[in-house]
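To keep things clear, I will list the structure first and then write my remarks on it.
All heavy atoms count here, side chains included; hydrogens, waters and symmetry mates do not. Quick note: residue numbers are just sequence positions, from 1.
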Amino acid sequence: LSVDRNSAANGGDLGWLTETSAVQFGQKFVSSVFNGGSGYFTVETPYGQHIMQVTERTASVPKVDKIVGPGNIYVALAKKAVYGYVSIDSIAGPSEILVIADETVNPRYVAADLLSQAEHDELASAILVTTSEKLAGEEIEGFTQVLSRKAIIEKSLENYGHILIASSIDEAVEIANAIASEHLEIVTANPFEVMTKIRNAGAIFIGENSSEPLGDYFAGPNHILPTNGTAKFFSPLSVDDFVKKSSIIYYSREALAAK
């Protein structure tokens, strides 16, 4: 997506972003419909509906300062294109899961949780880091054969599925922090202890009863999460994203003279 910020009318508005515009991203078209003074656009694509804040003012729409929220690859590219002109929360990519597991876990639970993300997209990533060679690979093949999204799962696992054998839980933690996955499950004998060593993860699921799909559909925390290793410097979307700070400086005449 290329944006020419100087070619539009109205003092440098983004010419492609108007109330009734059809925006072409590659070969796809996006129609934008302003939602009655709310400052939000409903962006409708061939892949579903998304809510996206307007980036630049039009004749009837005020400019906003920040764009937040998830979307498909076209929404992600649009956010990337306007970053710096407005603020964004992050650029989200395909779904990711990393599971830290030891020999105490139920292998069926681990396999089910890995495949719950692999089935999202052929670009999704599912990684198991385990200290148990026996656990590695158990149950995954059996589940895959009976799931309706078998073709997507197989492509996802072929491209981005990995099973890594760690020599210790500490090494597994080191790997997890290096990858900085969107979703991190800790299913070990002492998951809360392991959690204290995690520095980089979008959302952390503790124990075998806290499966990742709970975060997708049921659990309370916001599930707009950093992907593609950006959990090293981005956090999940929260009220913090709508807070900014200013420096405040004041000198009295006497204090200034003393300088």
Side-chain angles (χ1 to χ4, degrees), residues 48 50-52 66-73 75-80 83 87-101 105 109-130 153 156-157 159-164 166 169-188 191-243:
H50 310 276
I51 302 299
M52 191 173 179
K66 189 156 191 170
I67 297 170
V68 301
N72 59 22
I73 189 171
V75 171
L77 288 173
K79 289 170 70 176
K80 183 177 181 180
Y83 179 52
S87 179
I88 63 173
D89 52 346
S90 63
I91 301 169
S95 187
E96 304 166 348
I97 185 170
L98 187 149
V99 178
I100 297 177
V105 305
Y109 291 177
V110 173
D113 289 353
L114 288 167
L115 297 182
S116 75
Q117 297 309 294
E119 72 171 5
H120 278 206
D121 191 322
E122 292 181 1
L123 300 176
S125 170
I127 300 173
L128 170 63
V129 183
T130 179
I153 291 171
S156 169
L157 294 178
N159 292 330
Y160 301 103
H162 300 280
I163 297 174
L164 307 177
I169 290 296
D170 283 342
E171 184 179 49
V173 168
E174 186 178 347
I175 293 169
N177 281 326
I179 293 174
S181 184
E182 176 189 19
H183 307 106
L184 172 65
E185 286 192 12
I186 303 174
V187 279
T188 63
F192 285 94
E193 180 182 338
V194 175
M195 180 197 67
T196 64
K197 302 175 183 179
I198 298 298
R199 300 190 308 275
N200 304 320
I204 303 173
F205 300 80
I206 301 173
E208 65 179 16
N209 296 312
S210 303
S211 64
E212 189 285 329
L214 282 172
D216 285 338
Y217 303 111
F218 187 74
N222 194 300
H223 211 58
I224 300 173
L225 305 171
T227 63
N228 198 32
T230 60
K232 293 178 181 178
F233 46 84
F234 278 128
S235 301
L237 181 67
S238 72
V239 293
D240 293 336
D241 287 275
F242 302 93
V243 175

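- For K232 (side chain) and A178 (main-chain N/O), a donor-acceptor pair under 3.5 Å exists by modelled atom type.
- Under the 3.5 Å distance criterion, with hydrogens and angles disregarded, no donor-acceptor pair is assigned to the side chains of H120 and E96.
- To the nearest 0.5 Å, the span separating CG on L184 from CE on M195 amounts to 11.0 Å.
- Judged purely by atom type and a 3.5 angstrom limit, N200 uses its side chain to pair as donor or acceptor with the backbone of N177.
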Applying side-chain contact (heavy atoms from CB on, under 4.5 Å) to L237 and F242, what does each step give before you reach the verdict? CA-CA 9 Å; L237 181 67; F242 302 93; 4.3 Å; yes
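- The two residues S210 and I206 come nearest to each other via the heavy atoms OG-O, 2.9 Å.
- Using a 4.5 Å heavy-atom threshold, the side chains of I127 and I179 count as touching.
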Please determine whether side-chain contact (heavy atoms from CB on, under 4.5 Å) holds for the pair I88 and V68, giving the CA-CA distance in whole Å, both sets of side-chain angles, and the decisive distance to 0.1 Å. CA-CA 6 Å; I88 63 173; V68 301; over 6 Å; no
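- In this structure, OH in Y217 is found 8.5 Å from CD in E212, a value given to the nearest 0.5 Å.
- More than 12 heavy atoms of other residues, nucleotides or ligands sit less than 6.0 Å from atom CD of E171.
- Annotation for A172 and A166: closest pair N-CB, 3.8 Å, computed over non-hydrogen atoms.
- L128 pairs in a side-chain contact (heavy atoms from CB on, under 4.5 Å) with only one of the listed residues (I163, D113, L164, I97), which is I163.
- With S156 contributing its side chain and A124 its backbone, the two residues share a donor-acceptor pair below 3.5 Å.
- In this structure, D216 and Q117 approach most closely via the heavy-atom pair OD2-NE2, 3.5 Å.
- For CZ of F233, the number of neighbouring non-hydrogen atoms (other residues, nucleotides, ligands) closer than 6.0 Å is greater than 12.
- The nearest pair of heavy atoms linking A231 to A180 is CB-O, 3.7 Å.
- When atom types are taken as modelled, the side chain of S90 and the backbone of A92 share no donor-acceptor pair closer than 3.5 angstrom.
- Shown here for V99 and L114, the closest heavy-atom pair between the two residues is CG2-CD2, 3.8 Å.
- Side-chain N or O atoms of N228 include none that pairs as donor or acceptor with a backbone N or O of G93 at under 3.5 Å.
- Within the 4.5 Å cutoff, no side-chain heavy atoms of T227 are placed close to those of L225.
- Below 30°, between 30° and 60°, or above 60°: for F205 and H223 the angle between ring planes is above 60°, a perpendicular geometry.
- Expressed to the nearest 0.5 Å, how far CZ of F192 lies from CD1 of I204 amounts to 11.0 Å.
- Of all non-hydrogen atoms in Y160 and E122, the two that sit nearest each other are CD1-O, 3.8 Å.
- At least one donor-acceptor pair under 3.5 Å links the side chain of D121 to the backbone N or O of L123.
- Between the OG1 atom of T130 and the CD1 atom of I100 there is a distance of 10.0 Å, given to the nearest 0.5 Å.
- E185 places none of its side-chain heavy atoms less than 4.5 Å from the side chain of L98.
- D241 places a side-chain N or O within donor-acceptor distance of the main-chain N or O of S238, the cut-off being under 3.5 Å.
- Using a 4.5 Å heavy-atom threshold, the side chains of H162 and S125 count as separate.
- Side-chain atoms of T230 do not come within 3.5 Å of backbone N or O of P226 as any donor-acceptor pair.
- The OH atom of Y109 lies 6.5 Å from the CG atom of N209; values are rounded to the nearest 0.5 Å.
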